[in-house]
Amino acid sequence: MTVLPLEEKSKRAATGTASGTLLERQGRWRWYELAFWLVPASCYFLFPDDLVLVSQVLIAGLFALSLDLLLGYGGIVSLGHAAFFGLGAYAAGLLAANGWSEPISGLLAAGAIAGAVGFALSFIIVRVHGIALLMVTLGISLVLHELAVKAYAITGGDDGLQGIVIDPILGIFEQDLWGRTAFVYSLVVVFLCFLLARQLTVSPFGLALKGMRENSRRMLAIGAPMRRHSALIYTISAAMAGIAGALLTQTTQFVSVEVLAFQRSAEVLIMLILGGAGHLYGAFVGAAVFMVARDELAAANPEYWFFWMGLMLVFVVLFLRGGILTGLSALHRRLTRAKEASR
Amino acid sequence: MVSVGNVLFNGIAYGMLLFIISVGLSVTMGLMGFANLAHGAFAMLGGYVAATLMNQWGVPFLATLPIAFLAVAAASFLLERGLYQRLYRATELDQVLLTIGLVFMAVAGATYFWGPGQQPVQVPDYLSGGWTIGGVDIGAYRLFLIAVAAAVTVGLIFGIERTRFGAMIRASVDNPRMAQGCGINVNRVFSLTFMIGSGLAGLGGAIGINLIGLDPGFPIKYMVYFLIVVAVGGLGSIKGSLIAALVLGIADVGGKYYVPETGAFIIYAVMVSLLLWRPTGLFGRR
């Protein structure tokens with residue numbers, strides 16, 4: 001990782017980086033953030049044959065980002081976040097299969113539906129903690145999964161929902177065989193959602209969430225409405241997970257009960273932890289590492305690939321607390337300190 | 001139409017099996033405060049040990065049960081010392097992630113060594129028959145299972161209430177620092193308790209092959225059931241686990257006979273509402 005040259009640093013200090021409120025300073029874009037988003041954008045030109053995989057990574061990253069808001073900022077652990085991903089996926093799929101084939105309004109509707117269910121459930125979620133919270137979130141996703149399996153006539157069960165038709169995006173861009181349109185569409189939607197999440201974390205509300213995460217007793221003592229904050233972030237996270245699910249349905253034109261399975265809840269948790277929770281970018285880093293590793297491992301030995309997944313998870317929990325991004329930033333700090341010390 | 005008696009009998013047998021497997025998890029999660037999702041993997045290991053002994057080495061069925069218990073207890077000792085004890089003070093999230101990782105490894109490992117299919121087992125002749133008493137079909141194997149589970153329950157209650165080691169467990173749970181101060185090696189007590197609980201899971205896995213089958217997906221397929229027993233019964237409560245396991249067993253068997261179209265939906269919904277009503281379970285202490 002490169003470090004800013006000294007002149008650049010002093011110039012920034014002179015032009016007033018130190019000015020502004022804490023939130024304004026935190027909200028400013030750094031150069032590496034821009035560089036980060038250039039990576040998926042450049043994939044369009046660098047890997048034109050792998051755009052389908054890149055789209056999948058982006059969608060998984062958005063899903064992990066929604067969990068990051070909940071877990072990394074809200075401090076609420078969920079073992080069943082696939083519930084909202086699946087709700088969004090099915091909402092988009094059912095709308096498209098029943099004649100509402102305009103994608104953007106379908107996407108928003110799916111997000112709204114997932115958000116509404118999340119809002120209703122948030123009253124339950126804020127009441128439980130610890131192991132009961134794990135069980136309740138897991139239980140809710142299992143209930144939805146069972147419903148989807150049993151409602152075969154509506155959802156198509158394991159065979160998938162039939163007859164999903166998606167109109168050209170904005171009425172202009174048709175879906176093509178190489179997934180170019182799907183890729184650009186995913187990238188734009190994911191980036192917009194990211195902007196929203198980023199804005200949220202540098203807002204006073206985001207600051208309150210961080211306070212709850214760091215010291216909930218003190219937040220209670222200064223009179224922060226903790227339950228309301230928790231309920232709000234749960235709703236937002238649910239809506240964003242729903243949009244991720246809807247995006248998957250619209251770009252693949254397919255949805256089956258697998259979107260609601262426990263496997264998916266576990267995977268998104270793994271992605272987030274792998275990348276690092278509470279960084280926003282960790283979600284995408286984790287999703288990319290997970291999906292690419294899964295692709296490679298599954299190609300190498302299709303039956304046992306998840307052995308290595310499990311090993312990776314154990315390793316991260318034991319030795320890489322905070323995931324890849326925390327590891328990188330610790331490394332970065334150590335390097336800069338070494339440099340300063342040598343001056 | 002299946003008679004109520006049959007549903008009750010089969011449900012009790014199934015519930016007793018769930019109890020044997022889950023009671024160890026109740027100890028790990030309730031007494032030691034460790035969210036262990038890999039408990040089903042111990043049960044699966046017990047099942048594979050028993051199946052391999054029977055099918056390849058010709059060990060008689062009854063002898064495989066204690067061997068499964070001991071083998072799983074030994075394996076769990078290594079895991080507890082090597083991995084689990086590092087995370088006793090960590091957050092639930094870390095514990096969940098570690099144990100999910102272990103489940104993935106166990107599933108892949110079982111596929112590698114034993115193949116993806118169901119394990120065939122031959123039940124000895126004296127356990128394969130059955131009787132019909134008052135219109136209820138009493139299967140010999142299920143009766144045997146209920147008897148074993150009843151013996152385990154009595155042994156557990158006696159062990160915890162009446163023995164010196166039981167008193168040490170209770171002391172270590174109620175107040176670990178004080179117990180340590182009295183000269184109890186709390187770590188060792190927990191370690192032994194963990195071994196016994198895992199061993200019982202292994203025993204349950206071995207005895208349950210004939211009832212619920214055995215394949216590499218076992219830890220994931222039944223994880224939720226074990227968790228339900230523990231969470232609903234109340235963490236760390238043997239009585240609670242027993243009642244929850246029996247209710248779950250009867251409800252599951254009854255549901256499959258009478259209302260197959262609802263599936264497990266009702267069970268999950270009841271669990272969620274129960275936990276909202278009493279987050280620590282029916283007989284929870286904390």
How far does CD of Glu267(A) sit from CZ of Phe104(B), to the nearest 0.5 angstrom?
->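 It comes to 6.5 Å.
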
Spacing of Leu276(B) atom CG and Ile125(A) atom CD1 [to the nearest 0.5 Å] =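 Nearest 0.5 Å value for the CG-CD1 distance: 8.0 Å.
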
Which bit of [X] is near chain B, if near means a heavy-atom gap under 4.5 Å: side chain, backbone, both or neither?
X         : result
Phe262(A) : side chain
Ile273(A) : side chain
Val128(A) : side chain
Leu71(A)  : side chain

Result of checking Leu138(A), Leu134(A), Leu79(A) against Leu37(B) for side chain to side chain contact (heavy atoms under 4.5 Å, CB included) =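 When side chain to side chain contact (heavy atoms under 4.5 Å, CB included) is applied between Leu37(B) and each of Leu138(A), Leu134(A), Leu79(A), only Leu79(A) qualifies.
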
Under 4.5 Å heavy-atom distance to chain A, tell me which part of Val107(B) shows up: side chain, backbone, both or neither.
->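 Both parts, backbone and side chain.
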
Using every non-hydrogen atom in the two residues, find where [X] and [Y] come nearest and quote the distance to one decimal.
X         : Y         : answer
Met271(B) : Met135(A) : CE-O, 3.3 Å
Arg86(B)  : Leu318(A) : CD-CD2, 3.9 Å
Leu93(B)  : Val77(A)  : CD1-CG1, 3.7 Å
Val272(B) : Ile140(A) : CG2-N, 4.0 Å
Asp94(B)  : Val317(A) : O-CG1, 3.6 Å

Note, Tyr268(B) side chain near His145(A) side chain (heavy atom, < 4.5 Å) =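 No, their side chains stay 4.5 Å or more apart.
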
Pick from Val314(A), Val136(A), Leu142(A): which one has the most heavy-atom pairs with chain B under 4.5 Å?
->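 Ranked by heavy-atom pairs under 4.5 Å with chain B, first place is Leu142(A).
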
